[in-house]
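Because only heavy atoms are used, hydrogens play no part in the values below, and waters and symmetry mates are left out as well, while side chains stay in. As the structure is a computational prediction, the values presented were derived from the model and not from experiment.
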Amino acid sequence: MKIVILDAYSTNPGDLSWDGFKEFGQLEIYERTHPNEIVSRCLDAECVLTNKVVLDSNIISQLPNLKYIGVLATGYNVVDIKAAAEHGIIVTNIPSYSTDSVVQMTFAHILNITNRVGDYANANRKGKWSSNVDFCYWDSPLHEIAGKTIGIIGLGKIGMRVAKLARCFGMDVFAITSKHAADLPDGIQKTTLDGLFGVSDIITLHCPLTEKTHGMINSKALAKMKPGAILINTGRGPLVNENDVAEALKSGHLGAYGTDVMCCEPPSADNLLFDAPNAFVTPHIAWATVEARIRLISIAVDNVKAFVNGKPINTIHP
């Protein structure tokens, strides 16, 4: 069996190993693949692995030998699942490999905003503390998160872990969830979206991207939030209208925005968030800890092994 990895670099820039796939056949690894290179590179492949390279119906129809597509991520929108099924192709993804890492990044953004660790560290590299007349200084408000209210939109595995950790910090937790209120752990209160906007000091997004949630954080939603609220997005970029968020930051109504995801990635250099005050943008790295990527590759190998053995796991159906 020929196995092709189309965009290996984003998952493994060289610090990890792909050798686990070699027991299943011939392995070809490409760091990046341009759309016009996909067919030629995959023409003889039975197994193709992709993270962000798009395999649409047109591409799939040109790959007669393809039997398996492994998405090296949890989200699988890069593959036309219906077209794959029509051609008898198994599609799998990597579930739940980065939960701990994403939860960690969520609180990294929250704590960076409330304690300004990065700002002060950068200022002190330029001599600000050294030239200060007092033993300490602060030029922006510093806040405890204990006693604050956090609103969590989406209470899946990541959202639930955020909720439990928030409780450890002494926060009050409100959530938007399809779960019944009686089934929620103590200290997590189910509410409506407007109710969440009205009470939350911090709002964090952990819901899937759907037609209903696309652009859900817009000017109307932002106006319903408490003045000075903090918004965190480690979910999906298009959950927010970035221009509306930038305007809310400029007006001061929104206190801060911490995000690891953007509507377009990589984002345009003239994205309004880059000039907005109190906007903290990280380059989609919440998932990318060494530990999470090791789990990702291990699960991907297990997925291929299960496919080879005729008992596929983590399959995606149209």
- Return yes if a side-chain donor-acceptor contact under 3.5 Å exists between Thr11 and Arg293, otherwise no. no

- Task: Answer yes when Asp302 and Lys305 have at least one side-chain N-carboxylate O distance shorter than 4.0 Å, and no when they do not.
- Result: no

- Any side-chain heavy atom of Phe280 sitting closer than 4.5 Å to one from Thr259? no

- So which pairs with a foot in residues 206-229 pass ring pair (Phe, Tyr, Trp, His ring centres under 6.0 Å), sequence neighbours left out? none

- Task: Could you state whether Val290 and Trp18 fall into the same hydrophobic cluster, counting links through intermediate Ile, Leu, Val, Met, Phe, Trp or Tyr residues with side-chain heavy atoms under 4.5 angstrom apart?
- Result: yes

- Message: With no hydrogens and no angle check, just 3.5 Å: does a side-chain donor-acceptor pair link His109 and Thr282?
- Response: yes

- Task: Indicate yes or no: at least one non-hydrogen side-chain atom of Ile110 is less than 4.5 angstrom from one of Ile230.
- Result: no

- Query: Excluding sequence neighbours, so at least two apart, what forms ring-ring contact (aromatic ring centres under 6.0 Å, His included) with Tyr68?
  - Reply: Phe307

- Nearest-0.5 Å distance, CG of residue Leu142 to OG1 of residue Thr114: 8.5 Å

- Task: Using the test ring-ring contact (aromatic ring centres under 6.0 Å, His included), find all partners of Tyr97 that sit at least two apart in sequence or belong to another chain.
- Result: none

- Query: Quick check: does any side chain N or O of Lys179 sit under 3.5 Å from a backbone N or O of Leu155, one acting as donor and the other as acceptor?
  - Reply: yes

- Message: Would the distance check show the side chain of Asp260 and the main-chain N or O of His284 forming a donor-acceptor pair, the cut-off being under 3.5 Å?
- Response: yes

- So, Asn51 and Asp7: side-chain donor and acceptor under 3.5 Å apart, yes or no? no

- Message: Can you confirm whether the side chains of Thr106 and Thr234 place a donor and an acceptor under 3.5 Å from each other?
- Response: yes

- Query: Thinking salt bridges, do Asp172 and Lys148 make one under a 4.0 Å N-O criterion?
  - Reply: no

- Excluding Phe274, membership of its hydrophobic cluster (Ile, Leu, Val, Met, Phe, Trp, Tyr; side-chain heavy atoms within less than 4.5 Å) reads Ile153, Ile176, Leu193, Leu196, Phe197, Ile203, Leu205, Leu209, Met216, Ile217, Leu222, Met225, Leu231, Leu239, Val240, Val245, Leu249, Leu254, Tyr257, Met262, Leu273, Val281

- Message: Is it the case that the side chains of Ser268 and Asp270 hold a donor-acceptor pair, with the cut-off being a distance below 3.5 Å and no angle test?
- Response: yes

- Verdict with reasoning, Ile59 to Val54, per side chain to side chain contact (heavy atoms under 4.5 Å, CB included): CA-CA 9 Å; Ile59 294 293; Val54 175; over 6 Å; no

- Query: Is Glu28 paired with Lys2 through a side-chain N to carboxylate O contact shorter than 4.0 Å?
  - Reply: yes

- Query: Minimum heavy-atom separation for Val48 to Cys42, with atom names?
  - Reply: CG2-SG, 3.7 Å

- Hydrophobic cluster identity match, Val199 and Leu184, side-chain contacts under 4.5 Å: no

- What's the spacing between Asp139 CG and Arg116 CZ if we round to 0.5 Å? 9.5 Å

- Considering residues at least two apart in sequence or located in another chain, which fulfil the side chain to side chain donor-acceptor pair (under 3.5 Å) criterion with Thr50? none

- Task: Spell out, yes or no, whether Ile188 and Val103 are grouped together once hydrophobic residues are joined by side-chain heavy atoms under 4.5 Å, including indirect joins.
- Result: yes

- Query: So, Ser96 versus Lys157: side-chain donor-acceptor pair below 3.5 Å or not?
  - Reply: yes

- Item | Residues forming a ring-ring contact (aromatic ring centres under 6.0 Å, His included) with Phe24, sequence neighbours excluded | none

- Query: Should the heavy atoms of other residues, nucleotides or ligands under 6.0 Å from CD of Glu23 be counted, would the total exceed 12?
  - Reply: yes

- Item | Lys67 and Ile90, any side-chain heavy atoms less than 4.5 Å apart | no

- Query: Would you call Asp244 and Lys220 a salt bridge, using N to O less than 4.0 angstrom?
  - Reply: no

- Does OH belonging to Tyr76 count more than 12 external heavy atoms closer than 6.0 Å? no

- Query: Can a donor-acceptor pair be found between the side chains of Asn77 and Arg236 at a distance below 3.5 Å?
  - Reply: no

- Given the side-chain rings of Tyr120 and Tyr137, with only the six-membered ring counted for Trp, is the space between their centroids under 6.0 Å? yes

